[in-house]
K.L.:
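Dropping the structure in here first, questions after.
What's counted below: heavy atoms across the whole structure, side chains too, no hydrogens, waters or symmetry copies. Per chain, numbering begins at 1; letters A, B, ... match sequence-line order. Since we're looking at a predicted model, the values are computed, not measured.
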There are 4 protein chains.
Amino acid sequence: MSVNNPEKVTRQREERRSQILHASIGIFANKGLAAAKISDIAEAAGISHGHVYNYYSSKEELFVSLVKMLQERYGRVCEEARGREGNARDKLLWHARKIGEDENALNGMHVVLHAETIAGISAEEKREIPRRAVENLQPIIAIVKQGQEEGTFREGRPEELAVLYFALLNGVSGARRRGLGAVASPDEEQLVGLLCK
Amino acid sequence: MSVNNPEKVTRQREERRSQILHASIGIFANKGLAAAKISDIAEAAGISHGHVYNYYSSKEELFVSLVKMLQERYGRVCEEARGREGNARDKLLWHARKIGEDENALNGMHVVLHAETIAGISAEEKREIPRRAVENLQPIIAIVKQGQEEGTFREGRPEELAVLYFALLNGVSGARRRGLGAVASPDEEQLVGLLCK
Amino acid sequence: MSVNNPEKVTRQREERRSQILHASIGIFANKGLAAAKISDIAEAAGISHGHVYNYYSSKEELFVSLVKMLQERYGRVCEEARGREGNARDKLLWHARKIGEDENALNGMHVVLHAETIAGISAEEKREIPRRAVENLQPIIAIVKQGQEEGTFREGRPEELAVLYFALLNGVSGARRRGLGAVASPDEEQLVGLLCK
Amino acid sequence: MSVNNPEKVTRQREERRSQILHASIGIFANKGLAAAKISDIAEAAGISHGHVYNYYSSKEELFVSLVKMLQERYGRVCEEARGREGNARDKLLWHARKIGEDENALNGMHVVLHAETIAGISAEEKREIPRRAVENLQPIIAIVKQGQEEGTFREGRPEELAVLYFALLNGVSGARRRGLGAVASPDEEQLVGLLCK
DNA sequence: AATGAATGAGGCTTCATTCAT
DNA sequence: AATGAATGAAGCCTCATTCAT
């Protein structure tokens, strides 16, 4: 069957690539690139370790593919937030909740944040990562501008507020990933509230 | 000399331990425990790789010692901030600047934040790390309480505001460590300002 | 094939373990645990050094497995000797010849004899080794008793004669392994003869 | 003082060499050449590890010196046994007891017996060791001949009986070094008795 | 003489990657 | 496609040896 249906073959191949990629998020997030073993990822994906190499030529390529996918996915969420109906506060709240409720997204941020400092990936890819990060910040900047125009957001350069928002998002997700969640786990409303007057 | 002066020998030994420890901060911060090579650290410390083992019995012990030292040092800064003269805003500003101006402190936060999720360290040490993290949060919580009493800080549970402050500190230091610093680099005044009305 | 036949896979795995174990006898006998290199053993087994670790988790585990196997095999020879038809002298002669003609058995005695004094193996295993050694002495003791009842063996506590026999077996095999074989190489008949009147 | 008395300096140097040599017997006997650490030996000798190298240029040289010393000492005991007054049985009994009561001598046999199979010593030294061993066997052979002439010893080639005696001596000392001593510990009278009618 | 800090060669072990099945 | 046996590069760690004091 698959022999006779090249389109289906391609689709199945894409699905398998995606399966491996998603299985690797938690592994990379918890262990980092160096400590993550291909066999860990294969096990999480439910395949043999050798089979991973039929889809990705190396651990680094898998990692870079993952980072790219995560950044693009995160970028789409940012774009979607900006494009929503309503005021800036609601947009940002929707964004924070969208990220906060998705464990993969939280883990993904973690993965991405460490990708740049990492050895073993090509220089070109290393340049792409912060470029996409800056690109992904634009919709947030736009939302902040809207909020300032609406008079609900704090004053200050929108870029800086956007970075602070991103820092909060990461910091809070990190705190949850660790022990501080037991002390206090601020919700998204508080988080977004900090940017408002 | 060293034969005749045991006190000096002990001190020199401590200095060498400290030298290795400090040399390792940047390495661990940039690469993580798994990717950091003992030979990297030895090189940064200006000694041979074998000599490291005259001071630390393993890479893991070195890492755990570093995390402990960094947490204690961070804890002292937090305590000192709380104990200072003046209002809560000034205390927190002093704290943020103290951390922000010290590259080792920033790198150190990064090291510590990833220590807990890491394999290869004893269960006991793993428990100690979040315990010390929570302990170190107490002075910040106290400052937040003071700020709320003074009427300058936002309302909300002090614990949650303290966690948000910590998240901001980390997030901003992380953003500086990476490419976002080029877009915008919020200063400490803005950072602390978010917690104020 | 291997995919479809789990029984065969298991058997092949056992065979490979056994292959490594047997290859290691000569290495350990000639060099001892500390001086024996995993790469020596791998080379003797005809595989790469890394592959050894797919079958044994460490050099020590391999060594302990070897000692255990050798003791059990030696024990079976002792049991078989006791269970044979005939008088005590013939039984012991058969035993001495069985051991003497098998280079692996001779090397094996050598390995086992040094296992107990060795560092780097677990306390439990260290206790097991002399226990099995004593257990393996029992059939010899029984043969000595029979010989004394038949009136052909020397008087004395059977345990002590059995230990003397064991000492002779080892000592003669050791002498052969070394230079004294050139001077004189007593045969099994002489060896067993010493225990007889 | 020592500056002014070169003879005394030489003597003290010899004493220190001897001290190290004797301290090393137990270490080498228990661990073997490869596993014995210079620091173990230095500790047993009560000096610093670096100081050992003021007396021996390498671990191998120390080991070879030890083996030589032990063989010569053993040779003197053999010679003395042969030269004693009395019948062969008493001579051999005296010999066995002399060796048996001296822990260093027992450990020493153990050291020597493994010296030949060991790597890391020069080819010339490797040839010397069995040569001295054969040389040391001569007095025992002479005693055996005397015993056969006296009619108290078993028949057979004297060389072979001497080798058997040596095997017994080693085997019994080995059994004592290990667990079999708990089962039975044949005394020298029994040991020598085996060679007699 | 005596110490122990320092070096680096070498062996153990892991795991990314390949490849026969 | 899928498996896992097999390889070997690379990093941890030990310890023989050197050397400044």
K.L.:
Quick one: does Ser65(B)'s side chain have a donor or acceptor within less than 3.5 Å of a partner on Glu61(B)'s backbone?
P.N.:
yes
K.L.:
Counting only N and O atoms by type, is there a donor-acceptor contact under 3.5 Å from the side chain of Asp40(D) to the main-chain atoms of Ala36(D)?
P.N.:
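Such a contact is absent between Asp40(D) side chain and Ala36(D) backbone.
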K.L.:
Which whole-number value in Å describes the distance from Ile47(B) CD1 to dT7(E) P?
P.N.:
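Roughly 7 Å, once rounded to whole Å.
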K.L.:
Sort by first number and list every stem of DNA chain E: at least 3 consecutive Watson-Crick or G-U wobble pairs, both distances under 3.5 Å.
P.N.:
E:2-21 with F:2-21
K.L.:
Test your reading of the model: is there a side-chain donor-acceptor pair from Gln71(B) to the backbone of Val112(B), 3.5 Å cut-off?
P.N.:
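Between the backbone of Val112(B) and the side chain of Gln71(B) there is no qualifying donor-acceptor contact (under 3.5 Å).
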K.L.:
Dump every N/O contact between nucleotides 12-16 of chain E and the protein below 3.5 Å, one line per pair.
P.N.:
from: dC12(E); atom 1: OP1; to: Ala36(C); atom 2: O; distance (Å): 3.2
from: dC12(E); atom 1: OP1; to: Ile38(C); atom 2: N; distance (Å): 3.3
from: dC12(E); atom 1: OP1; to: Lys59(C); atom 2: NZ; distance (Å): 3.1
from: dC12(E); atom 1: OP2; to: Ile38(C); atom 2: N; distance (Å): 3.2
from: dT13(E); atom 1: OP2; to: Tyr53(C); atom 2: OH; distance (Å): 2.6
from: dT13(E); atom 1: OP2; to: Lys59(C); atom 2: N; distance (Å): 3.1
from: dT13(E); atom 1: O5'; to: Tyr53(C); atom 2: OH; distance (Å): 3.4
from: dT13(E); atom 1: O4; to: His49(C); atom 2: NE2; distance (Å): 3.2
from: dC15(E); atom 1: OP2; to: Lys37(A); atom 2: NZ; distance (Å): 3.4
from: dA16(E); atom 1: OP1; to: Ala36(A); atom 2: O; distance (Å): 3.4
from: dA16(E); atom 1: OP1; to: Lys59(A); atom 2: NZ; distance (Å): 3.4
from: dA16(E); atom 1: OP2; to: Ile38(A); atom 2: N; distance (Å): 2.9

K.L.:
Roughly how many Å is it from OH in Tyr56(C) to P in dA6(F), rounded to a whole number?
P.N.:
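Checked: the OH to P distance equals 14 Å.
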K.L.:
Can you tell me if Tyr55(B) touches the phosphate of dA6(E), counting only side-chain N or O atoms and a distance under 4.0 Å to OP1 or OP2?
P.N.:
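For dA6(E), OP1 or OP2 has a side-chain N or O of Tyr55(B) closer than 4.0 Å.
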K.L.:
Rounded to whole Å, please give me the gap between CD in Glu43(B) and P in dG11(F).
P.N.:
13 Å
K.L.:
Which residues satisfy the side-chain contact (heavy atoms from CB on, under 4.5 Å) test with Glu124(C), sequence neighbours excluded?
P.N.:
Ser122(C), Arg127(C)
K.L.:
Using atom CD of Glu15(A) as one end and atom C1' of dA1(F) as the other, report the distance to the nearest whole Å.
P.N.:
15 Å
K.L.:
Expressed as a whole number of angstroms, how long is the span from Leu62(C):CG to dG11(E):P?
P.N.:
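Rounding to the nearest Å, CG of Leu62(C) and P of dG11(E) are 17 Å apart.
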K.L.:
Can a donor-acceptor pair be found, under 3.5 Å and without considering hydrogens, that links the side chain of Tyr56(A) to the backbone of Arg17(A)?
P.N.:
yes
K.L.:
Glu14(A) has an atom CD; how far is it from atom P of dA1(F), in whole Å?
P.N.:
12 Å
K.L.:
Could you identify which residues of residues 18-27 of chain A place a heavy atom less than 4.0 Å from some atom of DNA chain F, listed by residue number, or say none?
P.N.:
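Residues of residues 18-27 of chain A that come under 4.0 Å of DNA chain F do not exist, since none gets that close.
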K.L.:
It should be established whether Arg13(B) places a side-chain nitrogen or oxygen under 4.0 Å from OP1 or OP2 of nucleotide dG4(E).
P.N.:
no
K.L.:
Provide the closest heavy-atom pair for Ile27(B) versus Ala23(B) in the form atom of the first, atom of the second, distance.
P.N.:
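For Ile27(B) and Ala23(B), the tightest heavy-atom pair comes out as CG1-O, 3.6 Å.
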K.L.:
For residues 41-55 of chain D, dump all side-chain donor-acceptor pairs below 3.5 Å to protein atoms at least two apart in sequence or in another chain.
P.N.:
from: Ser48(D); atom 1: OG; to: His51(D); atom 2: N; distance (Å): 3.4
from: His51(D); atom 1: ND1; to: Asn54(D); atom 2: ND2; distance (Å): 2.7

K.L.:
When the nearest nucleotide of DNA chain F is assigned to Arg16(C) and to Val52(A) on a heavy-atom basis, which residue is associated with the more 5' position?
P.N.:
Val52(A)
K.L.:
Restricting to non-hydrogen atoms, name the atom on Leu62(B) and the atom on Ser24(B) that form the minimum distance, rounded to 0.1 Å.
P.N.:
CD1-OG, 4.3 Å
K.L.:
Which residues pass the side-chain contact (heavy atoms from CB on, under 4.5 Å) test with Glu60(A), not counting sequence neighbours?
P.N.:
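Applying side-chain contact (heavy atoms from CB on, under 4.5 Å) to Glu60(A) gives Leu33(A), Ser58(A), Ile121(A).
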K.L.:
Tell me: CZ of Arg11(B) to C1' of dA5(E), nearest whole Å?
P.N.:
17 Å
K.L.:
Check whether Lys68(B) reaches the backbone of Glu125(B) with its side chain - one donor and one acceptor, N or O, closer than 3.5 Å.
P.N.:
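Not confirmed, Lys68(B) side chain does not pair with Glu125(B) backbone.
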K.L.:
If you take all heavy atoms of Leu70(A) and Ile25(A), which pair is closest and at what distance?
P.N.:
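Leu70(A) and Ile25(A) have their closest heavy atoms at CD2-CD1, 4.0 Å.
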